[in-house]
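Counting begins at 1 with the first residue of the sequence.
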Amino acid sequence: MLHFFWSGYVLTEDTYQKYEYSNLEIAKWAEYYLSQKTGFHQAHWLDGKVTDHPEDILIGHLTWDSRGPVSNVNQPKLLRNWVTDNALNPEQKCHPNTYILFPWVPEFPTEWTTCMPFYEQQLRSVNKIFALCGEIWMEKTFAKQDNSIQYELKDKLIRSNMGVASQNFPIKKEKFNAIGERQLIHISNLGSYKGFDLTCMSLMGLDTLLHVASPSLNRDAGLVEASINGEEFLFNFIGNINNNDPEFNDWVVENCDFYIHTATMDAQATTVLENAARGLIPLVTPESGFACPDAIYLTADPEENRKIIEWALNLPESELINRSHLIREYTEKEHNWQNIYDKIWYEILKDIEERNQN
């Protein structure tokens, strides 16, 4: 039996025909593909003990306390730690077949660590860590020479791409707006590592419109004038969006030509994958975690980015269509959930076999 500790996904009759929030997608497709290989149990990262069976497999996210920062002295501590609670005896740190599946960057943002009360202990206890991230973050982790937990645990890491169910984005880009009318979209929680200030600075003075969707911006939809480093920048706020809404998908594909994401340390931004599946052209930093040869790559320098973006805005439609098709093909192949969970399953069996031999 495999116990998958995530956010407690609930299957419904239309589950596999709709696209949902990224965390739900991870748990959904884990059940679909891993249940074909073994018994499968959807658990929750706040669960405690679920098994005494020594041959069971436990894999999941680090315990996430959605109540907020664990540093809050008035907040009672969690009593359940699925990693330690499932140890078979008091001498063990965890069940022998325990694995973490988690977004990976060389420095965890404070937005993460303040909600993960057991992250250091959990990462140190398990056999392997399946790191959801772009190759750039594995390279930067191995290049570190410090006392960080990332460098300490580098030999446990097995890189995995984030997945996207491209088949549930059937409405895709087949034509682009005329030069002079092309538009961009950015979707994120606007966290510190998403680089939204760099996005705005990179677009200042260019003849284009940026649409922004976010659950974190508490204001009415419409044009927003934002002050970025003392300069005013105008964008169109479209509120919080639903990727499973056909009207929204129609609107994005009809109106937007590029998806822009200038993250500084994003493991592998799901929103880049979603919009690549729609056929939009990604304008992204390498630190956004997406590595497709037909995407257009930006830098940490807004002046350099303006030159790149202006060039992209003036590309012939024929080139944009060709890039769009190649990017969608790349996304379908490299970010396919079946390939991802086949690899994870193979690596789990390999680890168990090697430990049994030793």
Side-chain angles (χ1 to χ4, degrees), residues 21-26 61-62 64 100-116 119 129-144 148-150 157-164 184-203 210-217 228 240-241 243 258-278 280-302 304-305 308-309 327 330-331 334-335 340:
Y21 177 69
S22 56
N23 267 339
L24 300 182
E25 289 287 293
I26 290 171
H61 195 287
L62 298 171
W64 186 272
I100 294 293
L101 175 65
F102 181 70
W104 189 266
V105 287
E107 298 174 20
F108 298 154
T110 54
E111 292 99 317
W112 297 6
T113 56
T114 54
C115 294
M116 301 188 303
Y119 79 95
I129 301 164
F130 291 101
L132 289 167
C133 66
E135 185 63 42
I136 183 176
W137 300 126
M138 297 294 282
E139 294 171 358
K140 289 186 178 294
T141 297
F142 277 82
K144 289 167 73 78
S148 66
I149 192 166
Q150 286 88 348
L157 299 178
I158 300 172
R159 192 185 78 83
S160 173
N161 275 331
M162 178 65 183
V164 64
L184 300 86
I185 188 169
H186 172 78
I187 304 170
S188 78
N189 59 14
L190 303 181
S192 63
Y193 54 96
K194 298 292 185 180
F196 183 62
D197 55 345
L198 176 58
T199 293
C200 296
M201 289 187 290
S202 299
L203 292 170
L210 173 67
H211 304 281
V212 176
S214 177
S216 304
L217 192 56
I228 308 293
N240 194 15
I241 53 90
N243 279 310
F258 299 90
Y259 178 77
I260 187 167
H261 202 94
T262 58
T264 56
M265 196 174 287
D266 220 346
Q268 197 168 69
T270 309
T271 51
V272 177
L273 305 181
E274 292 164 351
N275 286 285
R278 290 187 176 105
L280 273 64
I281 309 298
L283 291 166
V284 293
T285 52
E287 292 80 8
S288 298
F290 187 62
C292 172
D294 296 288
I296 296 173
Y297 285 90
L298 303 176
T299 72
D301 181 347
E304 185 65 25
N305 288 347
I308 297 169
I309 295 168
I327 289 165
Y330 175 91
T331 304
E334 299 297 331
H335 296 276
I340 290 167

Closest non-hydrogen atoms of Arg278 and Asn243, given as atom of the first, atom of the second and distance, are NH2-OD1, 2.6 Å
Check: Trp104 and Thr141 side chains under 4.5 Å, non-hydrogen atoms: yes
Could you tell me whether the side chain of Val105 reaches within less than 4.5 Å of the side chain of Trp112, counting heavy atoms only? yes
Does anything in residues 185-198 pair up under salt bridge (Lys or Arg N to Asp or Glu O under 4.0 Å), and if so which pairs, sequence neighbours excluded? Lys194-Asp266
Given Pro282, which of Ile296, Asn275, Thr331, Ile327 fulfils the side chain to side chain contact (heavy atoms under 4.5 Å, CB included) condition? Ile327
Backbone of Ile260 reached by a side-chain donor or acceptor of His186 within 3.5 Å: yes
Find the distance between CZ (Arg159) and CD (Gln268) and round it off to the nearest 0.5 Å. 6.5 Å
Is the CD atom of Glu107 crowded by more than 12 outside heavy atoms at less than 6.0 Å? no
Quick check against the 3.5 Å criterion: does Gln150 have a side-chain atom that pairs as donor or acceptor with the backbone of Pro106? yes
Taking the side chain as every heavy atom from C-beta outward, state whether Thr262 and Ser288 have any atom pair closer than 4.5 Å. no
CD1/Ile340 to CZ/Phe130 distance, rounded to the nearest 0.5 angstrom? 12.5 Å
Which heavy-atom pair separates Cys292 from Tyr297 by the least distance, and what is that distance? N-OH, 2.9 Å
Aromatic centroids of Phe290 and Tyr259 separated by under 6.0 Å: no
Just checking, is any N or O donor in the side chain of Ser192 or Glu111 under 3.5 Å from an acceptor N or O on the other one? yes
Taken to the nearest 0.5 Å, the spacing of Ser216 OG from Leu190 CG works out to 5.5 Å
Using a 4.5 Å cut-off on heavy atoms from C-beta on, say whether the side chain of His61 contacts that of Pro103. yes
Taking side chain as C-beta onward, heavy atoms only, is Met162 less than 4.5 Å from Ile26? yes
Distance only, no hydrogens: is a donor on one side chain within 3.5 Å (strictly under) of an acceptor on the other, for Thr113 and Tyr119? no
Distance in Å, Leu273 CG paired with His261 NE2, rounded so as to fall on 0.5 Å steps: 10.0 Å
Do the side chain of Ser22 and the main chain of Thr270 share a donor and acceptor less than 3.5 angstrom apart? no
Phe196 vs Val212 side-chain heavy atoms within contact, under 4.5 Å: yes
Find the distance between CD1 (Ile228) and CG (Leu198) and round it off to the nearest 0.5 Å. 10.5 Å
Indicate yes or no for a side-chain donor-acceptor contact from Thr285 to the backbone of Leu298 under 3.5 Å, with no hydrogens or angles considered. no
Drop me the distance from Asn189's CG to Leu217's CG, to the nearest 0.5 angstrom. 12.0 Å
